[in-house]
There are 2 protein chains.
Amino acid sequence: MLGKRERTRARLLRCALELFERQGFEQTTVAQIAAAAGVTEMTLYRHFPAKELLVLDDPYDPVIVAAIAGQPRSLPPLTRVVNGLRQAWRMLPEPASEIVRRRVRIVAGSSALRAAAIRNNEDTERLVTEQLVTDGTAALPARVAAVAVFAALTAALLEWSQHHDARLGDVIATALDTLEARHG
Amino acid sequence: MLGKRERTRARLLRCALELFERQGFEQTTVAQIAAAAGVTEMTLYRHFPAKELLVLDDPYDPVIVAAIAGQPRSLPPLTRVVNGLRQAWRMLPEPASEIVRRRVRIVAGSSALRAAAIRNNEDTERLVTEQLVTDGTAALPARVAAVAVFAALTAALLEWSQHHDARLGDVIATALDTLEARHG
DNA sequence: GACGAAATGTTAGCTGCTAACATTTTGCCT
DNA sequence: AGGCAAAATGTTAGCAGCTAACATTTCGTC
C-alpha cells in the first residue's frame, strides 16, 4: 500500500487533470482542485509548488545528454544534438501514450502552460549547451543547437497531441528530419 | 509637444527599466514602479496591461513573413525560413542598440521574462507556419521550421546582450548559420 | 497503546491583475 | 478667456496564485 503522501498526490493529479480538461487550465482554480481532492489549498501547494506542475512534472533526463556527448565531434553541433536525440529516443521506451497525450493536449490549450513547458526545458538545454561547449563548440552555436532542437521537440509533442492517429516516434522523427532540412 | 499619455508612458518605461536593472524584474513591484513614476497602479496597468510588457513591447513584423513568402518553394522549409530571415534582416535597420541591449539583458535575467518573450513570438510563428503551409508544406515541418528559427533568434539576442563588444547582425548570422549545420 | 515524525490544517498576508465608478485634466471650439 | 466633451487618472473592492509561521491531526513503529 502506498504512503498517504503518494495517494494524496495521485488524487490531486487526477482531479486536476479532469478539471483542466472540463473547464480549461486558466479557468480552473487551485481552490477547486484542492476541494475536489478533499484537501486544503496549502496541502496542494506542498505537493505542487506551482499550478503548472500539476501538468508538467517531467524530470530532467540524463540519457539525452549522454547520447549527445557520444556523437563524433567532427559533426556540426546541430547534427550532433539531432543525432543524439534520435539515439536517446531509441533507448527510451515509448511512454504510456494516452495519459501523456491528455496532458500535452492541456498544455497545447494554454499559452501560459506552453511557456512553462519551454521554461521546463531550460535546465536540459543548459546541460546540452555545456556539453557541446566542453566538446569545443563556441557558446552561441552550442546554445542555438540546443534550443532549436528542444523547440522542435516541443512543437512535435504539441502537434502530436492533436492527432490521435499519429505515433509519437514518427512525429518526432519528422521534426528532427526537418531540422536537417530534409523536407519539401 | 507630446500628449500627456505618451509622456506618462515614457516615464513609466524609464522608471521600470531603471528599477529592473537595479533590483531585478521579479524583485520589483508594480506598485514601486507606479510610485516612482508618480502615478497609481491602475494607471500603470492601463498603459501596460501586464508587467512583462514594460520590457517586451515589440510588435509583430510583417516584413519577416513577406521575406519568407518570397523564397523559392523548391527549398526545404527550414532553409526558406532561415533565408527569409537573412533577407528581412538586410532590409530592416540595425535597431538602436544600447536601449535594446539593456532590455534584453533584463529579459536574460528572468526566466519569467524569457518565457514571456517566447510567448511573444507565438503570433509571428503562427503566421510563418501558415505561410509555409499555404506554400504546400505539411503542418508539422512548417511548425518545426518556424519555432526552431525563432528559438535560435531569441537565443542569439540573449547571448548578444551579454557581450557588449558583439554586433547584433553578426550574432544573428552565426545563429542562422548554425541552423544550417554550418559550424564545427 | 504511546511516541516521534510526517502529513495536513489555519490564519494572515503579499503580488499581479481586473472591474465599476468617481474625479480631475486636456484639448478644443466658440 | 471660458466652457465643455473626452481623455487621463484616481479610488475602492475583490479575485487568484503563492508564501510563511504556527497549530493540529494522522501515521508508522516500537
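Letters A, B, ... mirror the listed sequences (proteins, then strands); counts begin at 1. Please read these numbers as outputs of a predicted model, since none were measured by experiment.
Nearest to the side chain of B:V30, among C:dG16, D:dG10, D:dA21, sits C:dG16. When each of D:dC18, C:dC17, C:dG9 is scored by its nearest atom to the side-chain atoms of A:Y45, the top-ranked nucleotide is D:dC18.
If you take CD of B:E26 and C1' of C:dC14, they are 15 Å apart, rounded to a whole angstrom. Atom CD in B:E41 sits about 19 Å away from atom P in C:dA20, given to the nearest Å. Atoms NZ (A:K51) and P (C:dC17) sit 15 Å apart, rounded to a whole Å. Atom CZ of B:F25 is separated from atom P of C:dT15 by 14 Å (rounded to the nearest Å). The separation between B:I33 atom CD1 and C:dC17 atom P is 10 Å, rounded to whole Å. When the C1' atom of D:dT9 is taken as reference, atom CG of B:L44 falls 12 Å away, rounded to whole Å. Rounded to whole Å, the distance from CG on B:L113 to P on C:dG16 is 12 Å. Rounded to whole angstrom, the span from the CE atom of B:M42 across to the P atom of C:dC21 amounts to 14 Å.
Heavy-atom neighbours of A:R167 CZ from other residues, nucleotides or ligands within 6.0 Å: at or below the threshold of 12.
Looking only at distances, no side-chain donor or acceptor of A:R80 sits under 3.5 Å from a matching main-chain atom of A:I68. Not one N or O on the side chain of A:T79 forms a donor-acceptor pair closer than 3.5 Å with the backbone of A:L75.
Comment: A:D58 does not engage A:R103 in a salt bridge, judged by the lack of any side-chain N to carboxylate O separation of less than 4.0 angstrom.
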Contacts under 3.5 angstrom, residues 106-116 of chain A side chains, donor-acceptor by atom type, not counting sequence neighbours:
from   : atom 1 : to     : atom 2 : distance (Å)
A:S110 : OG     : A:E26  : OE2    : 3.1
A:S110 : OG     : A:A112 : N      : 3.3
A:S110 : OG     : A:L113 : N      : 3.0
A:R114 : NE     : B:E122 : OE2    : 2.9
A:R114 : NH1    : A:A108 : O      : 2.7
A:R114 : NH2    : B:E122 : OE1    : 2.9

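Nearest-nucleotide positions on DNA chain D for A:R46 and A:A31 put A:A31 closer to the 5' end.
Listed by first and then second residue, the side-chain hydrogen bond (donor to acceptor under 3.5 Å, both in side chains) pairs that reach into residues 140-160 of chain B are A:R143-B:E159, A:E159-B:R143, B:N121-B:T154, sequence neighbours excluded.
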Short N/O separations, protein against nucleotides 6-8 of chain D, under 3.5 angstrom:
none

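Criterion: ILVMFWY side-chain heavy atoms under 4.5 Å apart, direct or through other members. Under it, A:L158 and B:V144 are part of a common hydrophobic cluster.
If you check every strand for non-hydrogen atoms under 4.0 Å, A:T29 touches sugar and phosphate atoms only.
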